[in-house]
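What follows is a short report on a single structure.
We name chains A, B, ... by the order of the sequence lines, and we start the count at 1 in each one.
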There are 2 protein chains.
Amino acid sequence: MTNQREIILQELRKSGKHLTADGLYERVKKIMPRISLATVYRNLETLSDKGVIAKLEISGRQKRFDYDVSEHDHIYCVQCHKVDNVELDRELFGYSADISVQGYKITGYRLQLVGICPVCAKRNKEKEKS
Amino acid sequence: MTNQREIILQELRKSGKHLTADGLYERVKKIMPRISLATVYRNLETLSDKGVIAKLEISGRQKRFDYDVSEHDHIYCVQCHKVDNVELDRELFGYSADISVQGYKITGYRLQLVGICPVCAKRNKEKEKS
DNA sequence: CTTAGTGCAAACTGTTTGCAGAGGG
DNA sequence: CCCTCTGCAAACAGTTTGCACTAAG
């Protein structure tokens with residue numbers, strides 16, 4: 001666990017957000033100005049391999065990283081591409097592991113709610129007025 | 001509707017798969033050797049804007065395109081990154097449009113089952129034996 | 001010491017765009 | 001004709017990698 005790895009992890013956690021690699025890079029640079037973007041990528045990769053953080057491959061082109069590795073779903077703003085955690089009862093939709101669908105062996109699922117976040121909704125409303 | 005657009009659409013439908021832009025490009029090239037990848041991208045964009053096809057932004061880096069625009073979910077092979085359609089009862093998991101979660105206005109959801117496809121499962125089994 | 005980790009730059013992959021010419025309506 | 005669409009090449013964004021150097025154990 002190197003210094004840069006520690007700071008990367010710490011900043012991701014501190015942010016409370018689902019940052020992209022270079023969003024995180026911008027934050028870390030304030031603490032460690034000589035760090036390189038490649039290091040951020042490499043450490044995010046390592047950390048998610050080890051299960052310390054989670055790599056999200058959701059809509060949009062950039063990967064995002066989640067400090068919260070417990071099982072949960074995400075909610076995604078179609079307008080600003082922000083991602084938030086959301087707790088949904090996993091039993092609700094009748095999901096169970098190790099079922100088989102169309103010959104596939106199912107090991108899990110990814111559910112994203114899609115919508116408009118409060119910030120964008122507010123911005124839209126203001127724009128409408130003017 | 002140009003000639004190339006027609007062939008692109010037709011090949012996507014004929015494939016019965018969720019092709020990536022350049023997977024489709026390879027197929028179309030056999031019919032129309034001088035077509036350019038940019039044209040494929042532009043037409044896939046146009047077609048999905050018009051709602052003739054659907055653009056999938058799922059796990060992995062490449063976008064995939066779906067000839068089937070009706071509402072349905074997807075099943076994704078973690079090993080070969082193939083995507084298939086799957087019909088799941090959307091009522092099952094208690095989803096309803098226009099609910100509000102954590103201040104978000106929810107407009108829909110994307111659900112991907114994740115697992116191992118029959119082809120990969122078979123390949124794995126054979127590898128195990130040897 | 002020795003090995004994993006770093007910074008930098010250059011490579012790579014997937015996608016988009018500017019432009020001049022071609023082709024359909 | 002006009003205007004959209006094309007092919008090509010070059011630009012772009014996000015990510016990865018080769019290399020020589022550094023630093024942690």
Side-chain angles (χ1 to χ4, degrees), chain A residues 1-12 15 17-66 76 78 80-83, chain B residues 1-12 15 17-66 74 76-78 80-83:
Chain A
M1 184 62 95
T2 64
N3 211 331
Q4 18 279 83
R5 179 122 81 219
E6 207 143 10
I7 291 187
I8 286 167
L9 178 56
Q10 180 187 309
E11 281 304 299
L12 177 60
S15 78
K17 293 194 221 162
H18 297 70
L19 294 175
T20 60
D22 65 56
L24 189 49
Y25 172 60
E26 291 306 322
R27 291 182 72 115
V28 170
K29 231 178 12 183
K30 285 181 189 154
I31 298 167
M32 214 176 213
R34 294 191 45 88
I35 199 171
S36 98
L37 181 55
T39 301
V40 174
Y41 272 105
R42 276 187 286 231
N43 279 315
L44 288 172
E45 200 57 37
T46 310
L47 288 168
S48 68
D49 283 351
K50 292 187 180 167
V52 180
I53 62 174
K55 197 194 312 184
L56 304 185
E57 299 184 340
I58 341 189
S59 355
R61 50 164 120 295
Q62 281 182 87
K63 286 176 190 159
R64 291 178 175 271
F65 295 85
D66 192 345
Y76 167 72
V78 284
C80 67
H81 309 286
K82 184 172 60 182
V83 175
Chain B
M1 184 63 93
T2 64
N3 211 331
Q4 17 279 83
R5 179 122 80 220
E6 207 143 9
I7 291 186
I8 286 166
L9 178 56
Q10 179 187 311
E11 281 303 299
L12 178 60
S15 78
K17 294 193 219 160
H18 297 70
L19 294 174
T20 60
D22 64 58
L24 190 49
Y25 173 59
E26 291 306 322
R27 291 181 72 115
V28 171
K29 231 177 13 183
K30 285 181 190 153
I31 299 168
M32 214 177 211
R34 294 191 46 86
I35 198 170
S36 98
L37 181 56
T39 301
V40 174
Y41 272 105
R42 275 187 287 231
N43 279 315
L44 287 172
E45 200 58 36
T46 310
L47 288 168
S48 68
D49 283 352
K50 292 187 181 167
V52 181
I53 62 174
K55 197 193 315 183
L56 305 184
E57 299 184 342
I58 342 190
S59 357
R61 49 166 119 294
Q62 282 183 87
K63 287 176 190 161
R64 291 179 175 272
F65 295 85
D66 192 345
H74 293 100
Y76 167 71
C77 177
V78 284
C80 68
H81 308 287
K82 185 172 58 180
V83 176

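- Listed pair A:Q4 / D:dA23 fails the phosphate criterion, with no side-chain N or O lying under 4.0 Å from OP1 or OP2.
- Across all strands, A:N43 comes closer than 4.0 Å only to sugar-phosphate atoms, never to a base (heavy-atom distances).
- Taking only side-chain atoms of A:A21, from C-beta outward, the nucleotide of D:dT15, C:dA9, C:dT17 with the closest atom is D:dT15.
- Nearest-nucleotide positions on DNA chain C place A:M1 closer to the 5' end than the other of A:M1 and B:A38.
- Residue B:I35 is in sugar-phosphate contact alone, with no base atom involved, counting any heavy-atom pair closer than 4.0 Å across all strands shown.
- Note: CG (B:D49) to C1' (D:dC5) measures 15 Å, nearest angstrom.
- Rounded to whole Å, atom C1' of C:dA4 lies 15 Å from atom CG of A:L47.
- As rounded to whole Å, 15 Å separates atom C1' of D:dC5 from atom CZ of B:R34.
- Summarising the geometry, the separation between OH on A:Y41 and P on D:dT17 is reported as 13 Å, rounded to the nearest angstrom.
- Nearest heavy atom pair, residue B:L9 against residue B:M1, reads CD2-CE, 4.3 Å.
- Evaluated for a side-chain contact (heavy atoms from CB on, under 4.5 Å) with A:I35, the options A:I8, A:I7, A:N3 yield exactly one hit, A:I8.
- Within the 4.0 angstrom heavy-atom criterion, base atoms lie near A:R42.
- Screening A:L24, A:L12, A:T20 for a side-chain contact (heavy atoms from CB on, under 4.5 Å) involving A:F65 leaves a single residue, A:L12.
- Atom C1' of nucleotide C:dC8 and atom OH of A:Y25 are separated by 10 Å, given to the nearest angstrom.
- Evaluated for a side-chain contact (heavy atoms from CB on, under 4.5 Å) with A:Y25, the options A:T39, A:V40, A:L19 yield exactly one hit, A:V40.
- One can place CD of B:E26 at 14 Å from P of C:dT13, the figure rounded to the nearest angstrom.
- Distance B:N3 CG to C:dG24 C1': 10 Å, rounded to the nearest Å.
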Test salt bridge (charged side-chain N to carboxylate O under 4.0 Å, His left out) applied to A:K55 and A:E45, step by step: CA-CA 8 Å; A:K55 197 194 312 184; A:E45 200 57 37; 2.9 Å; yes
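- In this structure, NZ of A:K63 is placed 4 Å from P of D:dT16, rounded to the nearest angstrom.
- Comparing C:dG14, C:dG7, C:dG5 by their nearest atom to the side chain of A:R5 picks out C:dG5.
- Along DNA chain D, the nucleotide closest to A:D22 and the one closest to A:T2 are compared, and the more 5′ of them pairs with A:D22.
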